Undergrad: 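Here's a structure for you.
In the text below, chain A, chain B and the rest are named by the order of the sequence lines, each starting its count at 1. Since this is a predicted model, take the numbers as computed values, not measurements.
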Amino acid sequence: MADSPTRSQKLAAPRGTADILPDEAPYWRYVRDTAERVCGLFGYKRIDTPIFEDAGVYLRTAGEGTDVLDKEMYVFEDRGENVLALRPEGTAGVVRAYLQHGMASLQQPVRLFYVAPNFRYDRPQAGRYRQHTQFGIEAIGDPHPLVDAEVIQLVTAFFSELGLRDYTLKVNTIGDSVCRPAYIEALRAYYRPRLDDVCADCRQRFETNPMRLLDCKEQRCQPLIADAPKLIDHLCDDCRQHFEALLGYLGAASIAYVVDPGVVRGLDYYTRTVWECHPAVEGAQSSLLSGGRYDGLAELLGGPRTPGIGFGSGFERLIINLKRADVTIPDDEPLALYIAHLTEGAGAVALRIAAAARASGKAAMVGPGGRSLKSQMKHADSRGARYVAILGKDELAAGEVTLRNLSDHGERRIAIADVADALA
RNA sequence: GUGGGCGUAGCUUAGCGGUUAAAGCGCCUGGUUGUGGCCCAGGAGACCGAGGGUUCAAAUCCCUUCGCUCACCCCA
């Protein structure tokens, strides 16, 4: 670096990363706690896989031409010349762990969930970061559509518990290795003579990811999308039955959904069921949660054919929407006691009073030394303390404290030994 | 990778060619000796992102660069 960057540039968090400051922490805790509670209600167990893996875990599973892997993965070589990658998505690592630890011998499906950071080198914007945190679940080892329905049921329970009501669940099927290739050929055959009528991005999609053609937002592409061949008309019998069974279960469970052929997937290992959840007020990075079935993934990792299904959901986007929806979240633990001390030697006593309060489960804080009582009272107030124990010369000599209730302004002298019990 | 917007105190911003760069919030101190949320007074805090250029004179104009941000692609 030839130029000398300013101090602030040098010390700034890397691009696309963010510090979660104390004011934000309650939102994070709320989302995490809600996710864990809902997973518990569905019998899902937590799994934590490494933050980096052999790059092959992701490269072998994703398929060619996928942005997430081709240009967005953080790949590096360690000192042992192993090629490693920071986790770009959650599923591959969990399936790797499933295979490595022989979970196929457990009762199927194995139900797992995780909360973990993912890394993608793309350009940051609202709701998109180079490091983002995902809550995800995986149900591995059972091909039955009832599992799909249960996973989606968990999705709706999660949003409901979170307090996010205004969202749309879009479901779709993208077929499997039997019927999808033929469909993609049909799609290409349809678009090939019409490429002049389509936007530049769609011409690119035609080459790299034809199913994304159906998801284009350009006005000029809409008529073609409307008339394009539908995968639903090209499904093989197994895929069709699977999808119909799923929709039947969703209806039986009173889960509101819309079938949207535009819901596709960036990674190749997905099969059959896919879905996304979008907030009612659509922003750019609107997908709150997206999931799908991946019956071919385990084989790509060198394991036996193993069905699986799961989803991922980004904390950052969830929190954006919690704020937008004005969802009330639990506050931090309130401060029960603030101890203001005014004289030499009172500080040591204040520490003991605080310790006693904490021992009985009350949050307590000792005021800074050398500050006026007025200053310490201000601190206590701005921290939301319920009580202030004032420890000055008189109190210290008497072995007492002046206990002030900040909400009703009541004040009384009590023995130091009784402070902890006096906190309502 | 492509395009738009923006970079002035911790935060939000004003100033847009001319003396020691301003306000609100926050922070600190005080408004008689030991008392909060309101009010009043005072204080600390900014090499105006960086480098170069134009000019008698630049935070203010021009160029470059870095950063942030929003959108596209793609995605959580």
Undergrad: Regarding A:Asp197 and A:Arg220, does a basic nitrogen lie under 4.0 Å from an acidic carboxylate oxygen?
TA: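 No.
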Undergrad: Specify the separation, in whole Å, of atom OH of A:Tyr121 and atom P of B:G1.
TA: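 Roughly 6 Å, once rounded to whole Å.
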Undergrad: Taking OP1 and OP2 of B:C72, is either one under 4.0 Å from a side-chain nitrogen or oxygen of A:Gln125?
TA: yes
Undergrad: Ignoring hydrogens and geometry beyond distance, is the side chain of A:Arg128 in donor-acceptor contact with the base of B:C74 at under 3.5 Å?
TA: yes
Undergrad: Walk me through it: do A:Leu224 and A:Val198 pass the test side chain to side chain contact (heavy atoms under 4.5 Å, CB included)?
TA: CA-CA 8 Å; A:Leu224 276 91; A:Val198 112; 4.2 Å; yes
Undergrad: Please report the distance, rounded to the nearest Å, between CZ in A:Arg120 and P in B:C74.
TA: 14 Å
Undergrad: If I take atom CZ in residue A:Arg386 and atom C1' in nucleotide B:G37, what distance separates them, rounded to the nearest angstrom?
TA: 17 Å
Undergrad: What is the distance, rounded to the nearest whole Å, between atom CD of A:Gln219 and atom C1' of B:C72?
TA: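 Answer to the nearest Å: 17 Å.
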Undergrad: Whether the A:Thr402 and A:Glu395 side chains hold a donor-acceptor pair (N or O, under 3.5 Å, no angle test) is what I'd like checked.
TA: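 Looking only at side-chain atoms, A:Glu395 and A:Thr402 do form a donor-acceptor pair, the distance falling under 3.5 Å.
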Undergrad: Can you tell me which residue among A:Asp418, A:Val388, A:Ile390, A:Leu337 is in a side chain to side chain contact (heavy atoms under 4.5 Å, CB included) with A:Leu403?
TA: A:Leu337
Undergrad: Expressed in angstrom and rounded to an integer, what is the separation of A:Leu214 atom CG from B:C74 atom P?
TA: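 That distance rounds to 12 Å.
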Undergrad: Summarise how protein sits on nucleotides 29-36 of chain B as a single string, 5' to 3': B when a protein heavy atom is under 4.0 Å from the base, S for sugar-phosphate-only contact, - for no contact.
TA: SSB--BBB
Undergrad: What closest approach, in Å, do A:Tyr257 and A:Val171 show between heavy atoms, and which atom pair accounts for it?
TA: CD1-CG2, 3.7 Å
Undergrad: Decide whether A:His278 and A:Glu276 meet the rule of one side-chain donor and one side-chain acceptor closer than 3.5 Å.
TA: yes
Undergrad: Give me the ring orientation class for A:Tyr294 and A:Tyr269: parallel if the planes are under 30° apart, tilted from 30 to 60°, perpendicular past 60°.
TA: perpendicular
Undergrad: Give me the residues of residues 332-339 of chain A where at least one heavy atom lies under 4.0 Å from an atom of RNA chain B, by number, or none.
TA: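 Nothing qualifies; none.
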